[in-house]
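Please read the structure below before turning to the comments.
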Amino acid sequence: MSLPSMTLFNNPASPFGRKVLVMLHETGQQNRVTLHPVTLTPTAPDAALNCANPLGKLPALQLADGSVIHDSRVILDYLDQQHVGNPLIPAIGAARWRRLTLASTADGIMDAAVLMRYERGLRPVEKQWDDWFNAQADKIHRALAALEQDAIAELASHFDIAAISLACALGYLDLRLPQFDWRTPNAQLSAWYAEVSKRPSMQATRPA
Ligand code: BEZ
């Protein structure tokens, strides 16, 4: 077995980092990566991560030649070109744009959920802004309703970049916003998520 050749700056709670971990598992590349755990908040950055990624954002992947790639979309694209199995990002055509757009919707859910988490968990109570918090929640509800209505069959058809991204977004909602009831209005997504959560890649990357 060869030694890991890449280093992944990550935090186990990050849904964006989890996408990378799931991708590694799904494509049989998990042994190629050493994990570099990072603990950070927007107001308490990490010096080593800032050197790797001047934006100070997770995840970032240092390659064997020392270069660093980010963000999670770029890393997934890179990893998808490093294995010999079926691609998890369609290379061309309408399928590519559709799957990437579904993945982008899932990333937007993660963005909103992380902002909600920081707003309630980090911002001083007297500075918290309920309208802003509720607008993030509305964004998530709208995105999930659209996926429930239009994308269930596509998501169920294969576990690719779109499905990986959404599974990680829903996992993050459960982890950090457990009071956010996304299941009741989205029964099909709920059933889909229950199924994909059983995948070894999802089990192995479940945040504690
Ligand atoms: C979290 O703890 O919720 C978190 C950590 C890193 C990135 C995003 C979210």
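Whatever order the structure lists ligands and atoms in, that order sets their numbers, starting from 1.
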Hey, are the side chains of L8 and L21 touching, using non-hydrogen atoms and a 4.5 Å cut-off? yes

Near R117, which atoms of ligand 1 are under 4.0 Å from a heavy atom of that residue? 3 (O)

Close N or O approach (R176, ligand 1; < 3.5 Å): yes

Just checking D150: does its CG atom have more than 12 heavy atoms from other residues, nucleotides or ligands closer to it than 6.0 angstrom? yes

For A13, counting its heavy atoms only, list the atoms of ligand 1 lying under 4.0 Å from any of them. 1 (C), 2 (O)

Minimum side-chain heavy-atom gap L144-L166 below 4.5 Å: yes

Among all the protein's non-hydrogen atoms, which is closest to atom 7 (C) of ligand 1, and how far away is it? S14 CB, 3.5 Å

Same apolar cluster (I L V M F W Y, side chains within < 4.5 Å links), L147/Y172: no

Whether over 12 other heavy atoms sit under 6.0 Å from R206 CZ: no

For ligand 1, is Y172 a contact, meaning one of its heavy atoms is under 4.0 Å away? yes

